[in-house]
K.L.:
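What follows is a single structure, and I will ask about it in a moment.
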Amino acid sequence: MTTRSPLEGLGPLGPAAALDRLLGDPEDPDRTFSYARSIALDDAETFPLEICRELDALGLPRHYVPVEHGGALRGYDEALHLMRVVARRDLTVAIAHGKTFLGAVCVWVAGDSGQARRLGERITDGAVVSWALTERDHGSDLLAGEVVAERGTDGGRDPGREEDADGTSGTGTYRLSGEKWLINNATRGHLLCVLARTSPEGGARGFSVLLVDKRALPYDRHRPLPAPPLRGIRGADISGIAFDGAEVPTSALVGREGDGIETVLQSLQLTRILCSSLSLGAADQALGMAVRYTGERYNYGRALIDLPQTRRLVADSYAELLLAEATALVAARSLHALPGELSVLSAATKFFVPTAVDRLIRRLAKVMGSRSLLAGESQPYGRFQKVQRDHRIVGIFDGSTVVNLQALITHFPALARGYRRGRADTAGLSAATDLRAELPSFDAARLELLSRSGCSLVQTLPDAVGDLRVLADKGEVPRSLADSAANWLLFTEDLTDRLAGYRPAASGASAEAFALAEQYAGCVAGSAALQLWLRGREADRPEGASTALWESGLWLEAGLSALLHRLAPQLQEPCPQDVSDRLVSVLLAQTEEGLLPSLLPYQRLPDARAPFTRSPDTQLPDRRPPFTREGDLR
C-alpha cells in the first residue's frame, strides 16, 4: 500500500524545496544526509544505504513514477529540480538512488499500461531498478551487444502480441545468457531493464528490452560481477551481472520483440536531459564552497571576493551555471512540449551542460587554490575534491560527449533546412520556455528517432533577437545586450551555412564535424537562455536578489557574452566588467538571503506546512540486495 508523500501537490519547484527542507541542514553532521557522512562514506568506499533509506521514507521514489502509472511525477521539470537537490548534497547518492528512474524509463516509454502500473507499484514500495545496457567489450556500441535472449521451447504465445486481459502474455520464456558490465546498481538492484539480442543476426531490429526480476531467477543462473575500483562516486554500486541460461517469462518483454534499440534510443532522450540535474547539483556545491571561501579568506588586506581576478572567475562561473540551468530547464519542459525535437535537444543538452559544469569546476579550483585538493571530513572544503572527481562520470552516463555530438552530426541536414525555412512549433516552444505555462502530459508516442523539423529554439532565433532589439530601443535592456544578441545571430547564421555545406566522408565524421556539433550545442544553449528570459522577464517575483538577476537581462547578458566570446572571440568581447560585478553582487545577496544561487531560487514554504517526521514504528522499504555473497558488496 502506498501513501501520499510530503513532497506532493506543491507545483514544479515545491517538491524540491520541501525535500531540501525535510532533509535538514547538510552542515549538521547528525543529519542522516549530511556532508560529513557523505565524505566519510566516500573515504570508506561504502554504499550510502542509510541515506537512500531516508530518501525512500520521504517518498522520493513516488516521484520517479508518472501519475498515470500510480506515482507522483507530474512533470519532468519537477524531476529535474528534485534530483538537483540530492546531487547538491552528494552526487554519489543522486546517482545511486536516481538510477531507479533511469532504469524504469524504458517501461514508461514502451511498456503497456499493466506492466507500467505494476512496475510503478514496485518502485513506490522501495524496489531498485537498474538499466543494463553496456557490455565490457562494446561500451556504447549497442548493436554489438552479445547478451542473448533465446526463445524457450515450452510454447506460449508470440511475445510481440498485446498482453491478455488478466495481465499476462502467455507461458513462454526467454533464456538469458551473457554479461552486462559497469551497470549502476547491478548488484543491489531488484529489477533490471536488460537490452538483449533476440535475433541471431542482430541489427536494428534484432534486440529487445526485458524487465528482469532478479528475485524470480534461479540463484545458479545468474551471478554478480565484482565492482571495479572507482576514482569518483566511490561508494556507488557500479558493477555487473552475468546470466547463464536464466529463464525469463515473455511477460518481461517491454514493447514488441525487435524494438529494443528504438526503445532505448527514445528513452535516452529523457535520461540525457535529466542527467543535467546531476551537473547542476555539482555546480551548486562547487560554487557554494567557492563563495564561502572567497568571503572568509583575506589576501593583501582584502577579502578574496573583492580582488578583481577572483571576482571575474566567480562571475564567469555563476554565468555558466545560469546558462546551464536555463538549458536544462527548457529541455526538461520540452519533454512535454516539443517531444518530436528531443533527438536534437537531448543530445545538445547532454553535451553542453556536463561540459559547462566541468569547465566551471576547473575554474573554481583556481579560486580555491590548494583547498581544492584537500581531502577528508576534517577539512572545511574537503568536499571540493570529491565534487571534482564525482562529476567527471556525468559526461559519460547515458551517452558520452562523443556519442551526443555524433547524434547532432546526423541531424546537420535537417538543422540547416529547418533554420533556412524558419520552421518552428510555436505553441510547443512557448510552453517549453514560459515557466508560467501549463505543460501538456508527456506523450511517448510523439518521440522521434530523428527530428524532421530541426530545432525550434534555434530556428526562431531571428525573431527573438528582433524582440530584444525592440526592448533595447525602448530602454528596457542595455544596448550592449542587444548587440551581443545580434552577434549571436550572425554566428548562428554562419554556422548554419557551414552545417549545410558539410559533406560526410566514408571514413566517418571528421574533426570539423565534431567542432560544428559543439558549436551547435552552444547555439541551443544560447537560444534557450534568450527565449527563457524573454518569456520570464515579466513574471512576478519577490523583491530581492532574484528580481535583480532578471532585471535588464543581467543573467542573459552575462551568459550570452561569455558563451559567444568562447565560441567566436572575433565577434564578441568578454563580458563587460560592470555586468560581472553586478552578477557577483546578486550571487552574494542570494547567498546572504539563504537562497539557492539560481534563476529560480526556492521560496520559503508556508509556516503551516510542518516538517515531515517519521514515527518510530514506520517500516522503511527494504533496500537490501536480493542476495548477498561474501565479497559481493562493499
K.L.:
Restricting to salt bridge (charged side-chain N to carboxylate O under 4.0 Å, His left out), what partner residues turn up for Asp398, sequence neighbours left out?
P.N.:
none

K.L.:
Mind checking what makes side-chain hydrogen bond (donor to acceptor under 3.5 Å, both in side chains) contact with Arg88, not counting sequence neighbours?
P.N.:
Asp20, Asp284, Tyr602

K.L.:
Please name all residues satisfying ring-ring contact (aromatic ring centres under 6.0 Å, His included) with Phe33, sequence neighbours left out, ordered by chain then number.
P.N.:
none

K.L.:
Once side-chain hydrogen bond (donor to acceptor under 3.5 Å, both in side chains) is applied, do any residues pair with Thr410, and if so which ones, sequence neighbours excluded?
P.N.:
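With neighbours one apart ignored, the set is empty.
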
K.L.:
Does Arg221 count as lying over the ring of Phe243, i.e. NZ or CZ under 6.0 Å from the six-ring centre, within 45 degrees of the axis?
P.N.:
no

K.L.:
Would you call Arg188 and Asp237 a salt bridge, using N to O less than 4.0 angstrom?
P.N.:
no

K.L.:
For His411, enumerate each residue passing the side-chain hydrogen bond (donor to acceptor under 3.5 Å, both in side chains) test, keeping only those at least two apart in sequence or located in another chain.
P.N.:
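Per chain and number, His411 pairs via side-chain hydrogen bond (donor to acceptor under 3.5 Å, both in side chains) with Ser343.
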
K.L.:
Going by salt bridge (charged side-chain N to carboxylate O under 4.0 Å, His left out), name the residues that satisfy it together with Arg205, two or more places apart in sequence or in a different chain.
P.N.:
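Once residues adjacent in sequence are excluded, the partners of Arg205 under the salt bridge (charged side-chain N to carboxylate O under 4.0 Å, His left out) criterion are Asp259, Glu262.
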
K.L.:
Extract all donor-acceptor atom pairs below 3.5 Å that involve side chains of residues 438-447 and protein atoms in other chains or at least two apart in sequence.
P.N.:
from	atom 1	to	atom 2	distance (Å)
Asp443	OD1	Ala445	N	3.1

K.L.:
Check side-chain hydrogen bond (donor to acceptor under 3.5 Å, both in side chains) between Asp213 and all other residues, then give those that pass, not counting sequence neighbours.
P.N.:
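Arg122.
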
K.L.:
Got a sec, which residues hit ring-ring contact (aromatic ring centres under 6.0 Å, His included) with Phe397, two or more places apart in sequence or on another chain?
P.N.:
none

K.L.:
Who passes side chain to side chain contact (heavy atoms under 4.5 Å, CB included) against Ala144, sequence neighbours left out?
P.N.:
His138, Asp141

K.L.:
List in chain and number order the residues that pass salt bridge (charged side-chain N to carboxylate O under 4.0 Å, His left out) with Glu146, two or more places apart in sequence or in another chain; answer none if no residue qualifies.
P.N.:
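Applying salt bridge (charged side-chain N to carboxylate O under 4.0 Å, His left out) to Glu146 gives none.
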
K.L.:
Does anything in residues 128-137 form a side chain to side chain donor-acceptor pair (under 3.5 Å)? List the pairs, not counting sequence neighbours.
P.N.:
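Residue pairs with at least one partner in residues 128-137: Glu135-Lys180.
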
K.L.:
Taking 4.0 angstrom as the limit, do Arg333 and Asp434 come out as a salt bridge?
P.N.:
no

